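As the structure lists them, so they are numbered: ligands from 1, and atoms in each ligand from 1. Remember, it's a predicted structure, so these values are computed and weren't measured experimentally.
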Amino acid sequence: MASAPLLKDLEWLARQAGAILVAGYEQDHQIDFKGEIDLVTEIDHRSEAFIVDELSRRFPGHQVLAEERGGRDDGRNQWYIDPLDGTVNYAHGIPFFCVSIAYAVDGHLTLAAVYDPMRDELFTAERGRGAWLNGRLVQTGQQTELSRALLVTGFPYSIRETAEDNFDQFFRLSKLSQGVRRLGSAALDLCYVAAGRFEGYWELSLQPWDLAAGALIAREAGAMVTSVRGDLNLLQPPYSVLAATPGLHAKLLAALRSSA
Ligand code: IPD
Ligand code: CA
Ligand code: CA
């Protein structure tokens, strides 16, 4: 029987996959469109194939949900893989993207690694033990004033079709906070809340591979992390996220609820 995964397994996988992203960076890409503005490169597939093949070799019988190949998410031992989060940045030569790997046991997020290879920043977390950036403990900020809070958000690829386009929320919180950034990687947005770089992050429509690892990292760093409806279980549809300092979470939840 395969032994249970350790955090060092996720760290190794994230660093190796990050090296694949760096090797392909700033080269011409084969770009395929999954939707009007939702793209995928051959590097997404290469990174994902590496991670998924390693997982099936080392942990046979575990369930894997990966962005490009799909898969199931009802396993006792469940992995969530985003082989390249921030793929639009990547395809445009903007150095802000990462690899995101999460492992859950019986529906509980247990281990996580998010690696930004351009900055060599490896964010990790283990349930009940804490969150780290390159091996040093990280803690979320303590801000309680919304007007002093720097926030970050994202917009869905379905922005042209959906009523949940996040414009009302973006408008409202831009007026209430210090500012709202849009960096283009949900996993890193969550890690930046963990590290105290942002005081809050929300996104209305995500997928489990976008948020699983970053959510555990932010939680273990002391952030309050729920869906935008306030649910603690993030691994059930409809997937969304609100991560914030403990003193700001309720204020952000109220502001999001009162937006159209
Ligand atoms: C996207 C990024 C982006 C977020 C989108 C995600 P991808 O993931 O995380 O920041 O706004 O909702 O789909 O396509 O780069 O893996
Ligand atoms: Ca993603
Ligand atoms: Ca992706």
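When hydrogens are left out, the protein atom nearest atom 15 (O) of ligand 1 is Gly86 N, 2.7 Å; that is the closest non-hydrogen contact. Ranking the protein heavy atoms by distance from atom 6 (C) of ligand 1 puts Asp210 OD1, 3.9 Å first. Protein heavy atom closest to atom 8 (O) of ligand 1, with residue, atom name and distance, is Asp85 OD1, 3.1 Å.
Checked options Tyr201, Trp202, Phe171; the residue passing with Val180 is Trp202 (criterion: side chain to side chain contact (heavy atoms under 4.5 Å, CB included)).
Defined by atom type and a distance below 3.5 Å, a donor-acceptor pair is present between the side-chain atoms of Asp85 and Ser185. Defined by atom type and a distance below 3.5 Å, a donor-acceptor pair is present between the side-chain atoms of Thr153 and Asn166.
Within the 4.0 Å heavy-atom criterion, the part of Asp82 lying near ligand 1 is the side chain and not the backbone.
Arg119 places a side-chain N or O within 3.5 Å of a backbone atom of Pro95 that can act as its donor or acceptor partner.
At least one heavy atom of Tyr157 lies less than 4.0 angstrom from ligand 1. Leu183 does not count as a contact of ligand 1, since none of its heavy atoms falls under 4.0 Å from the ligand. At least one heavy atom of Arg182 sits less than 4.0 Å from an atom of ligand 1.
Under 4.0 Å is where a charged nitrogen must lie from a carboxylate oxygen, and between Glu121 and Arg197 at least one such pair does. A salt bridge links Asp120 to Arg15: one of the charged nitrogens lies within less than 4.0 Å of a carboxylate oxygen. A salt bridge between Glu145 and Arg148 is absent, with no side-chain N of the basic residue lying under 4.0 Å from a carboxylate O of the acidic one.
The Ca ion (ligand 3) has no N, O or S atom of Glu68 under 3.0 Å away, backbone or side chain. Contact annotation: Leu84 places an N, O or S atom under 3.0 Å from the Ca ion (ligand 3).
Interface atoms of ligand 1 facing Leu206, defined by a heavy-atom separation under 4.0 Å, are 12 (O). Annotation for ligand 1: atoms under 4.0 Å from non-hydrogen atoms of Thr87 are 14 (O), 15 (O).
Asp85 has its closest N, O or S atom to the Ca ion (ligand 2) at the position named OD1. Minimum-distance N/O/S atom of Asp210 relative to the Ca ion (ligand 2): OD1.
For a threshold of 3.5 Å applied to N or O pairs, the pair formed by Ala186 and ligand 1 contains at least one separation below that value.
Compare Glu67, Glu203, Lys34, Glu68 by their heavy atoms: the one nearest to atom 12 (O) of ligand 1 is in Glu203. Comparing Gly184, Gly214, Gly154 by heavy-atom distance to atom 10 (O) of ligand 1, the nearest is Gly184.
Between Phe96 and Tyr192, the ring planes are perpendicular. Angles over 60° get that label, and only those under 30° would be called parallel. Using the six-membered ring where Trp is involved, His62 and Tyr103 have ring planes that are parallel, under 30° apart on the 30 and 60° scheme.
Take the Ca ion (ligand 3) as the corner point: the lines to OD1 of Asp82 and to OE1 of Glu67 open at 90°, to the nearest 10 degrees.
The minimum heavy-atom distance between Met224 and Pro246, with the atom names listed, is CB-CA, 4.5 Å.
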